[in-house]
There are 2 protein chains.
Amino acid sequence: MTIPQQRARATVHDVAAAAGVSRGTVSRVLNGGYVSPAARSAIEAAIQSVGYVPNTAARNLVRQRTQAVAFLAHEPHPLFLEDPNIGSVMLGANEALSLADYQMVCLVIDSVRDTERVSRYLAGGFVDGAIIVSARSHDPITRAVTRLALPTTFVGHPPDLGTMPWVGIDNVAAAREITTRLLSTGRQRVAMIAAALDRDSGADRLEGFRQALGERFDPRLVAEVPLYEYGGGLAGMEELLRREPAIDGVFAASDAVAAGALEALRSAGRAIPEDVGLVGFDDSTWARRSRPALSTVHQPAAGLGRRAAEVVLAQLRGEEVERGGILLDTPIVWRESA
Amino acid sequence: MTIPQQRARATVHDVAAAAGVSRGTVSRVLNGGYVSPAARSAIEAAIQSVGYVPNTAARNLVRQRTQAVAFLAHEPHPLFLEDPNIGSVMLGANEALSLADYQMVCLVIDSVRDTERVSRYLAGGFVDGAIIVSARSHDPITRAVTRLALPTTFVGHPPDLGTMPWVGIDNVAAAREITTRLLSTGRQRVAMIAAALDRDSGADRLEGFRQALGERFDPRLVAEVPLYEYGGGLAGMEELLRREPAIDGVFAASDAVAAGALEALRSAGRAIPEDVGLVGFDDSTWARRSRPALSTVHQPAAGLGRRAAEVVLAQLRGEEVERGGILLDTPIVWRESA
DNA sequence: GAGTGGTCTGTGAACGTGCACACACTCTGC
DNA sequence: GCAGAGTGTGTGCACGTTCACAGACCACTC
């Protein structure tokens, strides 16, 4: 006998038979409606004794909704492993959905095969809505949800989002603000390690830095690295120190980059924050873990997830939602590194 | 008009009408069976033109399976944010499930409310099986899957698992092996920073250390810290140096702990690996990121996920699976820190 | 005592599929 | 010409729910 013994699950019919009532009455106990105390207690006892659990597939079929929302993480390889934010976004979304009694189901897309299967999954009526993080431009999934008219909210905003609602932060303003704060500590030669300039977040942070410096902006004091990475920070800082040894302030495009820069500065014999003030971006574990702890911009990751979930829930309630973006606050967290 | 216009989805009836055939023939095109080339192409054209996507709820109802497997992450707060392994486990599982054309749906449990809802979700027939990571003892979810007879595999093994299949690593052997390797570099006073002794992984790693030292084991050279954390490594190492300044080798219970220890050793003016050899456990990003890079035990996180998925798939195929645990190899990765 | 309104219950019809079965047609070989 | 095999197609039922409807019963009130 190789096939595991799977006893047939109890249905609403079994409960009705055991309680001596009809299906309709059982359904009313489950979903509300007039039902006598006697019948109710008989049915509740019957549910217990036969071990009844409603079959959600059948319920979904007739109700045309599933009480579940997808959380889509694209290309998670670098993200899950390196980006400490995505977990927080996910937990924030889960919290808001949970409160509304929705089940969050997280789907990861890691290959072309996944893209197709996830499209089918979304189209198949498994979920009532979706939250999508880290979508790329011309993402087939974006097309799929558009075609399906599936209530969706994005976290971050790829350029071809159209009128889809999204939640994000104002990278320009946040970068401008922390740079200004760094300047206010009296630094004279302030540099930036810019990263991921091909993404809007990367480009925007550089723009904010430029705005804060105004007239004093010097392109020689900007090092560019491809990714938000420790290694990039290390290399970028070494490059900057070669170009201008008198640097006394650095804005790194992320905390990971800042951690790399810190290592380079330390190797070069610079004291932080005495010789050089250093600030990051994200308020991730990198920032708290560093010695000295990093001054940084708090990225409200959990809030982004929570807010995205709320926008999806609003759509599900049939409410009109603001098309376009919602920007969340990014408070500055001042610690020891500047 | 507040309710978004959701055009009715096309059903198999619409396709049949458009193609001038019956439902049955459409179903055969979708699921295999005899169908003439003429009918087939007419139906395929009709599917395109009406934009038909099968309703999975209805399909699941009649097929009694969903082609989806749950990935359950319990208490993700510390895990998702701190543990770099869980993401890899998840990606490994996704890879194996994807290959078998199963959809992985990840569910996070973050509160009592979540526990109940997830139990309902699992019971509701949304998934055919489950992979559970980081389950605790007396976990209500463990009870739920047992009662449901849902094909399940655990990653790691809480003590009350019963006959449930699980996948894990041999912490005792791995710890013994890396300690032996460390001793073979000629170290005389080898200490351990043990962590999470309330979990079997933590206790097992200490036991492996003890076995490797044999007669030379000295309880004074074991510092105990509560969690696999950077902070714990820092404090534990400081404590050990106070007890025995002549330490020349350290086995830290995880890479994060080792990173903390590294910081403490550096502050105390010890050169790594010249004065003190240091080894960790996990082969996480911590290990590669550290300066010097850590020698450590490779935890086959993706392999654990993959293997767990395979065991679930085997159960789904009705195969008899080995009750009890499957242990994966944990090769030693020798880098610069010892 | 008939009408009225509220409370409670059972029944039938969906929801959109897949599958078993029955049937129709064509071809082969005798 | 006819049985039998092989190929292609349509129909009815089942899956387990929810929901609308109809109806039964029980006070009340006029």
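Every chain is numbered from 1, with letters handed out A, B, ... down the list of sequences.
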Check: A:Arg317/A:Gln315 side-chain N/O donor and acceptor closer than 3.5 Å: no

Here the residues of residues 14-24 of chain B within 4.0 Å heavy-atom distance, strictly under, of DNA chain C are B:Arg23

Sorted by number, residues from residues 37-45 of chain B placing a heavy atom under 4.0 Å from DNA chain D are B:Ala39

When rounded to the nearest 0.5 Å, the distance separating CG of B:Leu72 from CZ of B:Phe154 is 9.0 Å

- Message: Working note: A:Ser27 + A:Asn31, criterion side-chain hydrogen bond (donor to acceptor under 3.5 Å, both in side chains); need CA distance, chi angles, decisive distance, verdict.
- Response: CA-CA 6 Å; A:Ser27 175; A:Asn31 304 296; 3.3 Å; yes

Is the phosphate of C:dG18 approached by B:Ser27 (side-chain N or O, under 4.0 Å from OP1 or OP2)?
yes

**Message:** Counting C-beta onward and ignoring hydrogens, is there a side-chain heavy-atom pair between A:Ile43 and A:Val15 closer than 4.5 Å?
**Reply:** yes

In numerical order, the residues of residues 54-62 of chain A whose heavy atoms come under 4.0 Å of DNA chain C are A:Leu61, A:Val62

Which of B:Val29, B:Val26, B:Val21 passes side-chain contact (heavy atoms from CB on, under 4.5 Å) with B:Val35? Answer is B:Val29

Handout entry: A:Gln64 vs C:dG16: side-chain N/O to OP1/OP2 distance below 4.0 Å
Key = yes

A:Tyr34 side chain N/O closer than 4.0 Å to the phosphate oxygens (OP1, OP2) of C:dT7? yes

All heavy atoms of B:Ile86 vs all of B:Ala73, minimum pair found to be CD1-CB, 4.2 Å

Any donor-acceptor N/O pair, A:Ser119 side chain to A:Thr115 backbone, under 3.5 Å:
yes

Please determine if B:Asp101 and A:Arg120 form a salt bridge, counting it only when a charged side-chain N lies under 4.0 Å from a carboxylate O. yes

Got a donor-acceptor contact below 3.5 angstrom from the B:Asp128 side chain to the B:Arg65 backbone?
no

message = With a 4.0 Å cutoff (strictly under), does any side-chain N or O of A:Thr25 reach OP1 or OP2 of C:dG10?
response = yes

From the candidates D:dT9, C:dT7, C:dG18, the one with an atom nearest any side-chain atom of B:Asn31 is C:dG18

>> Less than 4.5 Å apart, side chain to side chain, heavy atoms only: is that true for A:Arg307 and A:Ile326?
In response: yes

